[in-house]
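Read the structure below first, then the notes.
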Amino acid sequence: MATGHTDPRRRERIIGATLDLIAEEGIASVSHRKIAARAGVPLGSMTYHFSGMDELLREAFTRFADHIVAVFDAHLAAPADRDQARQAVADLVHVLSEGSQRDLVLTQELYTLAARRPVYRELTHEWMGRSRTHLEKHFDPDTARQLDALIEGLTLHRALDSEPHDRALTLEAITRITTPRT
């Protein structure tokens with residue numbers, strides 16, 4: 001095994017292994033020993049790079065949140081008008097729900113942890129704020145908040161349904177929320 005001096009990516013491998021194990025086995029099954037084995041690092045590297053499991057989990061979930069915000073950015077940076085933004089949000093819902101099962105599981109694991117532990121609730125609050133910032137480029141803040149919740153709900157429903165709804169229904173829901181009342 002490489003030493004820390006010749007292995008500058010060791011910390012990153014630990015974080016990646018942590019997220020992989022959480023996605024595969026659930027957060028309750030994750031341990032320093034399993035993470036070290038998965039990352040291919042000595043067990044002592046765990047305490048060298050992280051003060052404990054909480055620090056490692058916060059760092060791992062922060063990295064995961066950064067990844068999801070980047071997905072939001074990739075879809076919501078280009079639209080030039082409200083109709084294009086609606087289409088982009090629909091695309092986002094379908095990419096998230098049809099894409100990586102790992103991302104879906106990690107999202108739910110983080111939400112469960114956040115429901116129990118305030119420090120993780122703060123992390124999810126920051127993540128939601130960053131996601132809404134992308135939505136607020138196209139919609140007012142209240143609509144962005146509603147749309148953010150809709151994205152999460154539709155993504156989860158589509159991912160878990162044995163017969164997921166189609167894109168037309170996704171777009172209809174988005175349009176209902178984003179159309180100003182007269």
Side-chain angles (χ1 to χ4, degrees), residues 1-78 88-89 91-137 144-145 148-149 151-156 158-160:
M1 259 181 244
T3 66
H5 297 292
T6 60
D7 189 5
R9 299 214 14 95
R10 182 175 288 181
R11 190 172 197 282
E12 298 302 315
R13 285 201 330 271
I14 291 169
I15 291 169
T18 300
L19 290 170
D20 289 344
L21 282 169
I22 291 169
E24 292 170 14
E25 299 182 18
I27 202 160
S29 296
V30 172
S31 69
H32 286 284
R33 189 172 303 284
K34 285 182 176 181
I35 294 167
R38 178 66 172 262
V41 302
L43 186 56
S45 291
M46 302 300 293
T47 55
Y48 177 80
H49 290 286
F50 302 96
S51 63
M53 188 60 77
D54 269 343
E55 181 185 0
L56 174 54
L57 291 175
R58 279 193 312 274
E59 181 69 26
F61 278 125
T62 297
R63 198 67 53 87
F64 173 68
D66 291 345
H67 160 70
I68 296 298
V69 170
V71 173
F72 265 69
D73 186 44
H75 283 85
L76 297 172
V89 171
D91 291 344
L92 177 63
V93 168
H94 286 254
V95 163
L96 292 172
S97 62
E98 296 166 1
S100 168
Q101 184 70 19
R102 177 184 186 267
D103 287 354
L104 182 68
V105 171
L106 286 171
T107 299
Q108 299 313 307
E109 289 283 346
L110 175 55
Y111 287 164
T112 300
L113 194 57
R116 293 185 179 115
R117 312 249 329 261
V119 68
Y120 296 98
R121 196 169 306 128
E122 187 176 308
L123 194 151
T124 59
H125 177 74
E126 290 172 16
W127 170 13
M128 288 181 220
R130 291 170 63 200
S131 298
R132 283 194 301 263
T133 297
H134 288 293
L135 293 167
E136 288 174 5
K137 293 174 186 172
R145 181 179 291 269
D148 192 33
I151 291 167
E152 291 181 30
L154 289 177
T155 298
L156 184 59
R158 287 197 82 256
L160 299 178

As a quick check of understanding, evaluate side chain to side chain contact (heavy atoms under 4.5 Å, CB included) for Trp127 and Thr107, giving each step before the final call. CA-CA 11 Å; Trp127 170 13; Thr107 299; 3.9 Å; yes

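- A salt bridge does not link Arg130 with Glu126: none of the charged nitrogens is closer than 4.0 Å to a carboxylate oxygen.
- Applying the salt bridge (Lys or Arg N to Asp or Glu O under 4.0 Å) test to residues at least two apart or on different chains, the pairs with a partner in residues 37-48 are Asp20-Arg38, Glu24-Arg38.
- In this structure, Tyr48 places its OH atom where only 12 or fewer heavy-atom neighbours from other residues, nucleotides or ligands lie under 6.0 Å away.
- Taken from CZ in Arg58 to OG in Ser51, the straight-line distance is 7.0 Å, to the nearest 0.5 Å.
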Is there a side chain to side chain contact (heavy atoms under 4.5 Å, CB included) between Leu43 and His32 once you walk through the steps? CA-CA 7 Å; Leu43 186 56; His32 286 284; 4.0 Å; yes

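- Closest heavy-atom contact between Arg13 and Val41: NH2-CG1, 3.3 Å.
- Every side chain to side chain contact (heavy atoms under 4.5 Å, CB included) that Ser100 has, sequence neighbours left out, goes to Arg102, Asp103.
- For the side-chain contact (heavy atoms from CB on, under 4.5 Å) with Phe50, the qualifying choice from Thr18, Ile14, Ile35 is Ile14, the only one to do so.
- In this structure, Phe61 and Tyr120 have perpendicular ring planes: the angle between them is above 60°, well past the 30° mark.
- Distance check, rounded to the nearest 0.5 Å: CG of Leu113 to CG of Asp54 gives 8.0 Å.
- Side chain of Lys34 to backbone of Ser29: a donor-acceptor contact under 3.5 angstrom is found.
- Looking at Ile22 and Leu110, their side chains never come closer than 4.5 Å, going by heavy atoms from C-beta outward.
- More than 12 non-hydrogen atoms from other residues, nucleotides or ligands lie less than 6.0 angstrom from CZ of Arg132.
- Minimum interatomic distance between Leu106 and Ala23 (heavy atoms only, all atoms of both residues): CD2-N, 3.9 Å.
- Around NE2 of His125, the count of heavy atoms belonging to other residues, nucleotides or ligands within 6.0 Å does not exceed 12.
- Of all the heavy atoms in Thr124 and Ala114, the pair that sits closest is CG2-CB, 3.7 Å.
- Here the side chains of Glu136 and Asp148 are not in contact, with every heavy-atom distance at 4.5 Å or above.
- From Gln108, atom CD reaches atom CD of Glu152 across 8.5 Å, with rounding to the nearest 0.5 Å.
- Across every non-hydrogen atom of Ile15 and Arg63, the tightest pair is CD1-NH2, 3.6 Å.
- To the nearest 0.5 Å, atom CG of residue Leu19 and atom CG of residue Leu56 are 8.5 Å apart.
- Note that NE2 of His75 and CG of Leu96 are 7.5 Å apart. Values are rounded to the nearest 0.5 Å.
- Here Met46 contributes atom CE and Met53 contributes atom CE; the two are 5.5 Å apart, rounded to the nearest 0.5 Å.
- With contacts defined as side-chain heavy-atom distances shorter than 4.5 Å, the pair Leu160/Leu104 qualifies.
- For the residue pair Glu55 and Arg11, the shortest heavy atom distance occurs at OE2-NH2, 4.2 Å.
- A pairwise comparison of heavy atoms in Val89 and Leu135 identifies CG2-CD2, 4.0 Å as the closest pair.
- Using modelled atom types, one side-chain atom of Glu109 and one backbone atom of Ile27 make a donor-acceptor pair closer than 3.5 Å.
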